[in-house]
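Written below as structure tokens is the structure these notes are about.
Everything numeric here is computed off the predicted structure, so don't read it as measured data. All chains are named by letter (A, B, ...) in the order of the sequence lines, taking the proteins before the strands, and each is independently numbered beginning at 1.
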Amino acid sequence: MATIHWFKRCVVSEVTQVFFFFGCYQTCLPESIIIGTKSFSRHSSLTVDRQYFRSAAMAQFWKPGTEKPRLLDDEEGGVLFYSASPSSSHTYGYASLEKQRQRLPVFKYRTSILYLVETHSTTIIVGETGSGKTTQIPQYLKEAGWADGHIIACTQPRRLAVQSVAARVAEEMGVKLGEEVGYTIRFEDVTNSDLTRIKFLTDGVLLREMMDDPLLSKYSVIMVDEAHERSLSTDILLGLLKKIQRRRPELRLIIASATIEAKSMAAFFQTRKRRPQLEGEDRGLQTEPAILSVEGRGYNVQILYVEEPVSDYLRATVSTVMSIHDNEPMGDILVFLTGQDDIDTAVQLITEEAQNSGKSSLGMIVLPLYSGLTRADQDLVFSPSPRGKRKVVISTNIAETSLTLEGIVYVVDSGFSKQRFYNPITDIENLVVAPISKASARQRAGRAGRIRPGKCYRLYTEDYFVNEMSSHGIPEMQRSNLVSSVIQLKALGIDNILGFDWPASPSSESMVRALEVLYSLGVLDDDAKLTSPVGFQVAELPLDPMISKMIIASDQLGCSEEIITVSAILSVQSIWISVKGQRELDGAKLRFAAAEGDHVTFLNVYKGFLQSNKSSKWCHKNFINYHAMKKVIEVREQLRRIAQRLGLALKSCENDMQVLRKAVTAGFFANACRLEPYSHNGMYKTIRSSQEVYIHPSSVLFRVNPKWVIYNSLVSTDRQYMRNVISIDPSWLREAAPHFYQQQPLNANRL
DNA sequence: GAGCACTGC
């Protein structure tokens, strides 16, 4: 392909001599802590590289058994760096497991960690993947007696991590999972209230627990793991834990992360300046956070940068993969691109290129990886590559944190990912391709060093990495719609949302917008307090507040069974299988299509699924995602239980779809749109802000264009597309939200 | 007639 050669030619022609630079520095520590590694130096040795890359720095990850630099920097930031003294040896039943435990890097810090937790309210532990912090620290705490009469909690951002870590710890302790060691995730509580002493849980579950027990009084130590990811729920949790600490000085917090800005996190938990006479300090408990750094266990990853910025990262990706395959020893390749579109194209281009070049096609298996794939397709990437073959996985961010692939030796990093951004003025969340942060780049590179030393090819220049890439991404909190977060805080009795102490404050526009939406839903009153009962009921449901409101309205309208089904379907990613050739999918959709719109279509799919006896074959035949439907069933059951607890009547409207549409209107009235009169291209305008929007072609109402519709969400590409659309009668709007629409020109006769 | 990074309750 001529286009691919362009990249090679261009670079080759400009590279006359290439240098190798060697430097030894630790990428696993935040810059603020590395200041003491004086040995860091860069000396260049002249080598001609046959690649088109310049090896600018060797990212040296610490290996077990090597001495690490020690430093003490307690001048300002409160960084305590303890020397690694061997812990006293203990003997436990499981010899081989015990040996393994002692070989983990974190073991050398056992005494230091216990000392810090004993003497400090908050301990920040920085440790790379493989340091063993997640599995070992809860055990150390238990061995030291922190579980006597209390529970040790360890939170994770993801369900899978909770399950696997809990299983591992139970195994190491030689106990049955669910007894002394347990875990809780949504839909699964594998704990025993009498026996469980170490409990793993998602941070979202811990937030929910706070609704019943605001001070989290059954926990003695709470370890918040992967805090560097700065997810929405982690940040809310950190803000709330800081508040709890003031009421419960004896509670110990451990904030664990890979590449956190340790000092800024420490500054967040720094309370001394504001309250010089904290109760805890009288008892020798330091309220100033301690920071401890633990080395990881990855192998060296050599970082290579492009000499010149690439104009087309897709082409650059293809030629880089081909070059690795032709020139480098065996080992699988992991490529980070942005989304399904790019990935499918890259898979195709690489496959073609390999076939054209003849010999190299023999040894390559090229596989896509993104969440929209079916389970079977995702499993392909986990099967070991056949002898003599090189596996090339082209992935989204899913391989950065959520999934770990073994056998990766080479990483190709495009430097981009899709990120969500929220505009509080237009109230629209956009998904845009944006440059990643240094922290992400390091995380991606680290994926190459899991089994042996690897290489990471960055499709951007070193100068760009050093001077332009931001060190950490923007926390999710500052990129999201905050309605769900605000209602959670309200439910926990946080009245002053605008004054809440966040690890990273969201814009006041976002918060004001969230308050407005909640007010219009009747969830907050004039004093911005939760209304009773609607506000409390909405807060209790683990859903977007607009969906929760829809459920509550369905009680009066007598269609709660149907609305709960619709809610469950709206809260899973997509019930349709994503296929490249969409013809068949469109045909399949037609079988379920309802004139009223997508919500009713969903109901038809659900009914069909039940009639098929929840058959996976039936799903396959109808282009429906079986795993998504199973999740729908689970979510639906949970919602029914909560609805009953809230005193809502579970009732079916049978075939009266008008009440169902009214219930949807009660939750989503703010998303009402009117077809522009005389519009020939299906243009709608939102009632609230006269924004130009169109029905998404995936909707059953595409080209049907009813005069009045309500959408569930907007997707913006070159146009604003409404997804999941239902037709309504405009008179229902004022009925559902009189205050919201009192000044809006709703006269349908104007059409 | 177009496209949905990834989590989580």
Side-chain angles (χ1 to χ4, degrees), chain A residues 155-162 184-189 201-211 226 229-237 336-345 369-373 395-403 414 416-421 429-434 436 440 473 476 479-480 484-485 487-488 491 539-545 547-548 567-568 571-583 585-586 625 628 631 634-635 638-639 642 681-682 694-699 702-703 712-724:
Chain A
T155 73
Q156 297 288 321
R158 280 171 293 278
R159 297 160 52 92
L160 197 65
V162 168
T184 308
I185 56 181
R186 187 181 185 183
F187 309 130
E188 260 183 87
D189 183 10
L201 67 175
T202 49
D203 34 27
V205 167
L206 190 61
L207 279 176
R208 286 277 154 188
E209 282 191 7
M210 288 179 72
M211 289 202 183
E226 312 287 358
E229 290 186 19
R230 305 303 300 272
S231 76
L232 211 50
S233 43
T234 306
D235 268 15
I236 299 175
L237 187 60
F336 286 102
L337 290 180
T338 57
Q340 185 175 337
D341 231 26
D342 276 4
I343 289 169
D344 289 340
T345 310
L369 177 62
Y370 42 82
S371 75
L373 291 175
S395 173
T396 60
N397 257 3
I398 194 170
E400 195 178 305
T401 47
S402 304
L403 296 176
S414 65
F416 291 98
S417 69
K418 281 199 179 167
Q419 291 163 36
R420 183 169 56 203
F421 287 95
E429 276 184 331
N430 275 347
L431 208 52
V432 294
V433 173
I436 59 169
S440 279
E476 200 181 3
R479 299 185 278 115
S480 309
S484 295
S485 307
I487 196 170
Q488 268 186 313
E540 196 77 17
L541 287 157
L543 297 166
D544 179 293
I547 299 183
S548 305
S567 303
S571 71
V572 307
Q573 232 165 21
S574 172
I575 58 165
W576 305 105
I577 285 176
S578 59
V579 243
K580 211 41 179 155
Q582 292 278 286
R583 287 265 168 77
L585 174 56
D586 287 348
N625 184 332
K631 187 155 186 217
E634 274 188 323
V635 174
Q638 187 195 23
L639 296 180
I642 297 174
N681 60 349
Y694 297 83
I695 293 181
H696 195 280
S698 68
S699 167
F702 178 67
R703 282 206 287 235
N712 181 72
S713 61
L714 282 184
V715 175
S716 62
T717 50
D718 48 333
R719 284 175 171 181
Q720 304 286 351
Y721 283 107
M722 302 181 266
R723 290 184 63 215
N724 299 329

**Message:** Check the phosphate of B:dC6 against A:T396, side-chain N and O only, distance under 4.0 Å to OP1 or OP2. Yes or no?
**Reply:** yes

**Prompt:** Rounded to the Å, how far apart are A:M722 CE and B:dC4 C1'?
**Reply:** 17 Å

**Message:** Please tell me whether A:E226 and A:T234 have a donor and an acceptor in their side chains that are separated by less than 3.5 angstrom.
**Reply:** no

**Request:** May I ask you to say what A:Y721 touches in the nucleic acid, namely base, sugar-phosphate or nothing, with a heavy-atom cut-off under 4.0 Å?
**Result:** sugar-phosphate

**Item:** Closest to the A:R703 side chain, choosing from B:dC4, B:dC6, B:dG1
**Value:** B:dG1

**Message:** Is the phosphate of B:dA2 approached by A:R723 (side-chain N or O, under 4.0 Å from OP1 or OP2)?
**Reply:** no

**Message:** Counting only side-chain nitrogens and oxygens, does A:T202 get under 4.0 Å of the OP1 or OP2 atom of B:dC9?
**Reply:** yes

**Request:** Measure from the side chain of A:V205, starting at C-beta and using heavy atoms only, and say which of B:dA2, B:dC4, B:dC9 lies closest.
**Result:** B:dC9

**Side chain of A:V715 (C-beta onward), nearest among B:dG1, B:dC4, B:dA5** = B:dC4

**Asked** Are the side chain of A:R479 and the backbone of A:R420 linked by a donor-acceptor contact shorter than 3.5 Å?
**Response** yes

**Message:** So, does A:S371 get its side chain near the phosphate of B:dC6, meaning an N or O under 4.0 Å from OP1 or OP2?
**Reply:** yes

**Message:** Once you apply a heavy-atom cut-off of 4.0 Å, does A:S402 come out as touching a base, just sugar-phosphate, or nothing?
**Reply:** sugar-phosphate

**Request:** Measure from CG on A:D203 to C1' on B:dT7 and round the result to the nearest Å.
**Result:** 9 Å

**Request:** Would you indicate what A:E400 reaches in the nucleic acid, counting non-hydrogen atoms under 4.0 angstrom: base, sugar-phosphate, or nothing?
**Result:** nothing

**Prompt:** When all nucleic acid strands are considered with a 4.0 Å heavy-atom cut-off, which category describes A:L541: base, sugar-phosphate, or nothing?
**Reply:** nothing

**Prompt:** Between B:dA5, B:dG3, B:dT7, which nucleotide has the shortest distance from any of its atoms to the side chain of A:I398?
**Reply:** B:dT7

**Message:** Can a side-chain donor-acceptor contact be found between A:D342 and A:Y370 if the only test is distance below 3.5 angstrom?
**Reply:** no

**Item:** Closest to the A:F702 side chain, choosing from B:dG1, B:dA5, B:dC9
**Value:** B:dG1

**Request:** Please identify each residue that fulfils side chain to side chain contact (heavy atoms under 4.5 Å, CB included) with A:R208, with sequence neighbours left out.
**Result:** A:M211, A:Q488, A:P542

**Request:** Would you mind reading off the distance between A:L714 atom CG and B:dA2 atom P, rounded to a whole angstrom?
**Result:** 17 Å

**Prompt:** Of A:P542 and A:R479, whose nearest nucleotide on DNA chain B comes first from the 5' end?
**Reply:** A:R479

**Prompt:** Side chains of A:K418 and A:V432: does their closest heavy-atom pair fall under 4.5 Å?
**Reply:** no

**Asked** Starting at the 5' end of DNA chain B and moving along, which residue's nearest nucleotide shows up first, A:R719 or A:S571?
**Response** A:R719

**Prompt:** Among the nucleotides B:dA5, B:dT7, B:dA2, which one has an atom lying closest to any side-chain atom of A:L431?
**Reply:** B:dA5

**Message:** So A:R208, base contact, sugar-phosphate only, or nothing? Heavy-atom distance under 4.0 Å.
**Reply:** base

